[in-house]
Structure formats: structure tokens, C-alpha cells
Engineer: 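My structure is below; once you've seen it, I'll send some questions.
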Protein chains: 2
Amino acid sequence: MSDRYASFANSGPGKALVKRLGLPDPPRLRRYRPGDPLVTGPVVLDAAPGGRLREPVAKLLTAAGVDVRDPGTTAQPGGRTDAALVYDATGITDSTGLRRLYDFFHPHARALKGSGRVIVFGTPPELCATPREATAQRALEGLTRSIGKEFGRGSTAQLVYVAPGAETAVESTVRFLLSGRSAYVSGQVVRIGTGGAGTVPADWERPLDGKVALVTGAARGIGAAIARVLARDGAHVVALDVPAAGDALADVANSIGGTALQLDLTVPDAPARLADHLAARHGRVDVVVHNAGITRDKTLGRMDAARWDAVLDVNLSSQERINDVLLERDLLPEGGRLIGVASIAGIAGNRGQTNYATSKAGVIGLVESMAPVLAERGVTVNAVAPGFIETKMTAKMPLALREAGRRMNSMAQGGLPVDVAETIAWYASPGSGGVTGNVVRVCGQSLLGA
Amino acid sequence: MSDRYASFANSGPGKALVKRLGLPDPPRLRRYRPGDPLVTGPVVLDAAPGGRLREPVAKLLTAAGVDVRDPGTTAQPGGRTDAALVYDATGITDSTGLRRLYDFFHPHARALKGSGRVIVFGTPPELCATPREATAQRALEGLTRSIGKEFGRGSTAQLVYVAPGAETAVESTVRFLLSGRSAYVSGQVVRIGTGGAGTVPADWERPLDGKVALVTGAARGIGAAIARVLARDGAHVVALDVPAAGDALADVANSIGGTALQLDLTVPDAPARLADHLAARHGRVDVVVHNAGITRDKTLGRMDAARWDAVLDVNLSSQERINDVLLERDLLPEGGRLIGVASIAGIAGNRGQTNYATSKAGVIGLVESMAPVLAERGVTVNAVAPGFIETKMTAKMPLALREAGRRMNSMAQGGLPVDVAETIAWYASPGSGGVTGNVVRVCGQSLLGA
């Protein structure tokens, strides 16, 4: 579960050896601890003429105590002074205007600090007025993904498409992407729409105060990390797992002042029993994280039907049944959050995982198809797609496969369960009402997974 | 430009050594030669109850002389008898119904011949009646991509989403995907809509008879291959390149009975001059292939503005200017085809290629944003995204990078320029009127490129 090479490479003698031999050089990532400032230095902000985001973003950053600078005011020859580079490209209306991105990033490219942040704002191509504008806005993705692969040193780069009218709904996303919470998220495209805008948490350090969050598969690994992070952010967590995991589950629940709920989600009356529990104890559930998932790997020719059925039922069908009951009984109120856990395998497919990949691609389908339906209730639905995360499961992988997964990404290292959990906490935030229908990879911008 | 390892691995002594040492084992891919049958054995076809595609597909295959079989009629213990497995999943309306895919593929998984074909038909999730149906249909992508990675031996697997009402518009796509023309295309998702359905070529071996096709950057490499394949399929090709490539261009044009046109597309009057030429000589252009593209690699911090500008202008802006003039002067008639060349870098970004990746992501944006606009004229627009293709450019790559690109895909080898050209010829076919807004990777299902 630990990356010994990364620890070694960050030690004194290790650093020297890594450099000398040209070995992968995993940087130590800046990860969030309560009380941390949003960023560790000045944020350089600029916009193409006509940009919609520069003003609201400058305002929210300044209010958050961030040192916001104009371009050209921070870069020193050879000095890595900038904590983040933020560019509002929403004013670009055709491909010739893309030159402005070069003009902004070229002089600052080598001034970004370690674990630095790049955010480019654009207009969703499908909402652009002309094909020329849509083409230029779509081109931004090639730029940000390249920057993510190029800048290194633990820096991340994202493209945030903001729908016209959603300019004031970006704060939770900007905070997440600038902070150490998004340490292992890079090369992603996030869409922010107009639904649910304007619900700002009273305390950004405890955005989930007063909320009830259900986390399935919470006894260990990523699920336990999700429960801990949601509790840290203020939620009362109902930690659910199968009865066989009861002891581990109780430990997690007790450590965060939550509730342990033992339930096998695949039994026919599980949705009703779960709904009964939530209704009786809390009268509602604000955040539902469908984290429970299993693998039963075999190539299709050698896979028995039980393996197919078990994986599809746990990872997909049972989640649909639960959602339906929660919605029918009106237990997910306005401002509710439905959050799924997909997988790189669900995006790209994987050898020996036809069942798992099908179920996880289905989770993506659930997010995409439920988003417009739930928007009418003021509820969002999103998913994370973890890449290589250091868990007991990945610790058992064959060495070559494990090292390929670990190193072949922009961070040259695996992610931690907390990285997945932080991304889920961003979706869960009351400030993320405009964030729906997204599937964000938590993969350090893995080269693999196409 | 050649893959010596693949030649070696397919030789007598090479085969034995590769097997013994567990080295990558690149199969010899079945590639199309004029006169070849569509497939080299029986095609197993089945459907989930309520499927819309089974009947029209059975009909077109039978008419094409294909031996269409029911499941269970071909598989012999240990025998690799099936040339293709085709499943119509459009009848699946929720995730529990996905079991039918297991039931179909499990017994046939080990019966597929080398260079076999898997096609799954689905309904585009965005056109499904319910979220449950959309979820199940979206899940198909995880299955087909996994099959592509799992079945091996040069087999390919694709998901074809067919809009309701477009059932009779699938023949050009089915023919392309079953044939050796799609040798290096795998793990792709194709969308077929209702626009332009029903224009069937008189002769499927010469679908472009009587058509005029413009190919830019046609003097060498992928562009020359495109010109040759379009000419083979019957088109009169206007082969365009810069004056400096004049001799090579003349050779290509002469060898295919086409026209050579020397023109620098970035000069201000190039669109007008090109339009004048096409208007005067042909009165129109039926197929436009924007293949001309350049690279000027540098990391962003070290890139001069000229490199940015040149790449963006050649690869994107000049193409937009040309399209606009062709459309303004009504030179692209109903049934016209606009075809772009994107890149894996345009999808995933690439270190040292911020300019190139931005331009190629823009090409994807052009396809997506122009598709609905051009549909009103009966014109389609699509792009290919080549992965590792054996060209003079890739021959110059550093060894480790070259071998990673070559081997890390479902075919364990690089593609050939003709593979890109065949995909473009499929878009160009009069039978592909329902195929618009697609970006298909020609990458052997590369693991890289996320």
C-alpha cells in the first residue's frame, strides 16, 4: 500500500541517485491539511478580451485572501514564484485568438512552483454562438492536457467550461482545483452549469456541516477514506458495508463519529431497508456515495456467469435500485448529491475485466443520463474515475504492471485513497450545485486509459 | 518506416523465439486488397429481444454473400471458426439485460479467427427513452473496449450506436468494420444518424466513381496513401501540396491519374485560388480531406511565437478559411464530405506539443461544431485521429518511445498510412451519409492517449 520507491526518491541520497540515473522522479505532492492556505504564493490571472470569468474569479480569490497578480508582475529570471496560472479564455471567438494563450503561458511556464496549478476557463463548445468559437473553445483541451504533461513537478492543469450565466457558481471548483485537495487530479475537463448556483457554504473548511452522507463500501480502502474526508468536512456519515466487514466498518464509523450500517446491498429488500434506516434516523440523506464495488476478473471465454452477474449487480444494478427508492420516497432533498465511482477500466476497457468495465461504463451512463432528470429536483450527479490508487488491491498487482500504472502519469506516482475522497467531497459541497454530469479522473493524468 | 521486429516475429524462427521468450507477438493483420471477400468465414449474428438492427444487418450481409449463422452453430471445441461476432444490443433496456451480452460472447470468445471482427450495435444513450436504458446502452462501451483488448490475434471490436430510424444507413459502416480496411481500427465508438440515409454506391468496390476529391498534404506519407486509396475507390483526386514538394506531388498525382495542385495554403489568397481551381476544372468538390499538417515541437517555455503561429495556422485556421470559401461559393454539393485529420495528441495532449495538440483538438471541435450546420446541406464532417503510424516521422523517434508507441496497443504493432486512408475512404463513401460528427482513432486501440 506504500510506494517505497517514491519515498526513496524523495530522500536525500535517493534524490541524487534518481537525478544521476535519469530514473522517474516522483515529486512530493502538496496535499490538503485543515487550516492550509488555498495556495502557497501569488496567483497570476489574466483574460482574453471579453472574458466572463476574470472579474468573478479575481473577486472570489481576493476575498479568500489570495495574492492575485497581473501577468508579468511575478516572473523573475529562473525564479519559480507563481503558485498558479489562471487564464480566462471565454473571450476567444476563433482559432486565431488562441495565440493569446501562448502569450500568457509562454513567459510564465518556467515560473510555476512545485505542485503549482493551471486553470483555463472556457465556454462549453456546445453552447458557443458559432462553429468558429466552438472550435477554438474545444481546442483549449489540447492545450491544457499538454500543459499537464509538460509542466511537471507535481503541477496540475485543468480546463473548466463554464456555461454562460454560471460565472458566480465557480467558487467551489476553483477552491478545489487550486488547493492541495486536487493533488492527483490533472488533465481534466470540468463542466459547470447554471443549476443550483449561489449556495455558498458558511464555512469553506466545514462545507458539509449539518449534512447526512451515505458511503457504501466504507469499511476499508477508498471507501473508508471517503467516509473520513466527508466527516472532516462536517457531515454525519452513515458508513455502510456488508456484514462480513462489520468490525472494520465499526472502527471507521466510530473514528469519525458516524453510524455503521451493515447491509448486503444485493439482497432484494436492501433498498427498502436502507431507505427505512435513513428515513427513521435522519428523515433524509444529502449525499449518497455509491462506492461499493467488486472485481471478479477472468477473460470472457473463461468467465462463469456468476462472475458476470455479481459484478454487474453490485457495481451497477443495485445502485440503480437504491437511487430509484431514494427518489421515490423523496429522501434525497433539493441540494442533494449523488456520486458514483467509475474507473479508468470503465472508460477504456480492460483485458480480463469485461464484467467490471461494463459495470463501470454503466456508472458513467448513469451519471450522464440522470443529470438532466435530477437537475429538475436540484440534485447533482457526478462520478470519479480512479486511476492507479495505492490500496491493498494494487499492492497485489504483478510488479511490472504495478510500476507501469504507478509511473506512467504526470505525477510519476500512484494516487492515495484520500485523493479520490477529496474529489468526491468537492462534488458533495453545497457550493457545487452547478457541477453535474461530470466524470473526473483521479489518475494523475495517466497516459494509460484510452 | 518498416517494423523489422514484426517481420521477424512473423518469420518461422522468429515465431518460435517470440513464443518462448514471451515477447510481444504482433499478428499479421488482414488488410484489404481489391477483390477480397468481406470476411473470411461465417459471421455469427444475434440480438437481444426487440433489437432494431438484426434484420437489416442479416439482410445486407446475406446480400453481400456472407455466411450468416445463429449462435451455437459454428463453435467447435478448440476450433477458431468464426470470422466475426455481431450482436445487436439495441433491445436492452436496463442493466440487468446486459447479461445477454455475456450469454452471446462467452461461448464464442475463443472461436474467433485471427483478424476477426466484433461489432456491437447500440442505441445512442442520448436518444434513449429512459435513464435506465441509457445507462445500459452506455455500458456497452466498457464491454467492447475490453473485448478489443482481450481477444487479440489481430481482432478488432467496435461499438456502433445507431439512431432510431437509421437502421438502413449502416451498410457502409458494417462493410468497413468487417473488412480488412479497418485492420488497425479497434475499440472505437461510431455514431450513425438519420441524415443522408439510403445513398448506396452502385459498386461497393468503386464507391467514389465520378467523385472529385481534394487531398491536402498529398505529396508523401499519410497524404499520399489517402490520395491512392481514394483513387482506387474511383475518385478523381486533386492532390495538393506546397510548391517545395512539387516533384513528389507530381509522382503521386501521375500514379493515380489525378491532378497535382501546388499551393501554400497559408497565403492569404489560397482559399480563393483553390476554390477557383476547383470551380474551373470540376465545378465542385465532393470530398475534402484536410490532411496537411505540421509539427514544430518545443516545450511552451522555450517555444517561440512563430512555432505556435505556424502550427495553428496550417493545422487549423487555414482549414477553417478554406471550408468557409468552399461553402460560400457552394462548391461542396449535397452528399459532400469534409474530413479532418486530428491526432491522439489532440485528444490527450502531449509534452512538447502544446501548439500541435491545441490545433488538433481544434480539428475535433471543428467536426463537432460543423456537423449540425453541414447536415442541413446534406454534407458530413468527420475526422480520423491516427495513433502510431509507420512513417518517416515515426522512424525518427527515439527507440524507447517508438517501441512503446508501436507495441502498447491491441495489435502490438504500428499502423500503416493505408490504415488511416481506408478510414477516410469509409467517411468519403456515398453510403456514409449517416456518419457525421465522428472522430475515430486509427491507433490499434492504443493504451496510450488518455
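Sequence lines set the chain letters: A, B, ... in the order given, protein chains first and strands last, and positions in each chain run from 1.
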Engineer: For B:Val379, run the side chain to side chain contact (heavy atoms under 4.5 Å, CB included) check against B:Leu332, B:Leu326, B:Leu327 and tell me which one passes.
Structural biologist: B:Leu332
Engineer: Tell me the ring pair (Phe, Tyr, Trp, His ring centres under 6.0 Å) pairs involving residues 295-314 of chain A, sequence neighbours left out?
Structural biologist: A:Trp308-B:Tyr102
Engineer: Can you tell which part of B:Thr354 gets under 4.5 Å to a heavy atom of chain A, answering side chain, backbone, both or neither?
Structural biologist: both
Engineer: Hey, is the main chain of B:Glu133 close enough, under 3.5 Å, to the side chain of B:Thr93 for a donor-acceptor pair?
Structural biologist: no
Engineer: Measuring heavy-atom distances to chain B, does A:Gln445 have an atom under 4.5 Å in its side chain, in its backbone, in both, or in neither?
Structural biologist: side chain
Engineer: Is it the backbone or the side chain of A:Asp313 that comes under 4.5 Å from a heavy atom of chain B, or both, or neither?
Structural biologist: neither
Engineer: Say you draw a straight line from OG1 of B:Thr96 to CD of A:Glu320; how long is it, rounded to the nearest 0.5 Å?
Structural biologist: 8.5 Å
Engineer: Tell me, side chain or backbone of A:Arg321 under 4.5 Å from chain B's heavy atoms, or both, or neither?
Structural biologist: both
Engineer: Heavy-atom count check: over 12 atoms from other residues, nucleotides or ligands less than 6.0 Å from B:Arg153 CZ?
Structural biologist: no
Engineer: Please determine, among B:Ser146, B:Cys128, B:Gly142, the option with the most heavy-atom pairs under 4.5 Å with chain A.
Structural biologist: B:Ser146
Engineer: Any chance the side chains of A:Ser95 and A:Thr135 put a donor and an acceptor closer than 3.5 Å?
Structural biologist: no
Engineer: What residue, out of B:Pro125, B:Gly346, B:Ala139, has the most heavy-atom pairs lying under 4.5 Å from chain A?
Structural biologist: B:Ala139
Engineer: Relative to chain B, which segment of A:Ile347 carries a heavy atom at a distance below 4.5 Å: side chain, backbone, both, or neither?
Structural biologist: backbone
Engineer: Can you pull the side chain to side chain donor-acceptor pair (under 3.5 Å) pairs that have at least one residue in residues 295-304 of chain B, sequence neighbours excluded?
Structural biologist: B:Asp297-B:Gln353
Engineer: Name the region of B:Leu312, side chain, backbone, both or neither, that has any atom closer than 4.5 Å to a heavy atom of chain A.
Structural biologist: side chain
Engineer: Is it the backbone or the side chain of B:Arg110 that comes under 4.5 Å from a heavy atom of chain A, or both, or neither?
Structural biologist: side chain
Engineer: Which answer fits B:Ala136, side chain, backbone, both or neither, if we ask what part of it has an atom under 4.5 Å from a heavy atom of chain A?
Structural biologist: neither
Engineer: Relative to chain A, which of B:Ala109, B:Ser343, B:Pro131 shows the most heavy atom pairs under 4.5 Å?
Structural biologist: B:Pro131
Engineer: Against chain B, label A:Glu368 side chain, backbone, both or neither, depending on which of its atoms sit under 4.5 Å from a heavy atom there.
Structural biologist: side chain
Engineer: Examine whether an atom of B:Asp324 lies under 4.5 Å from a heavy atom of chain A, and if so say whether it belongs to the side chain, the backbone or both; otherwise answer neither.
Structural biologist: side chain
Engineer: Go through B:Gly148, B:Ala134, B:Ser317 and name the one with the most non-hydrogen pairs under 4.5 angstrom from chain A.
Structural biologist: B:Ser317
Engineer: Heavy-atom distance under 4.5 Å to chain B: side chain of A:Arg441, backbone, both or neither?
Structural biologist: side chain
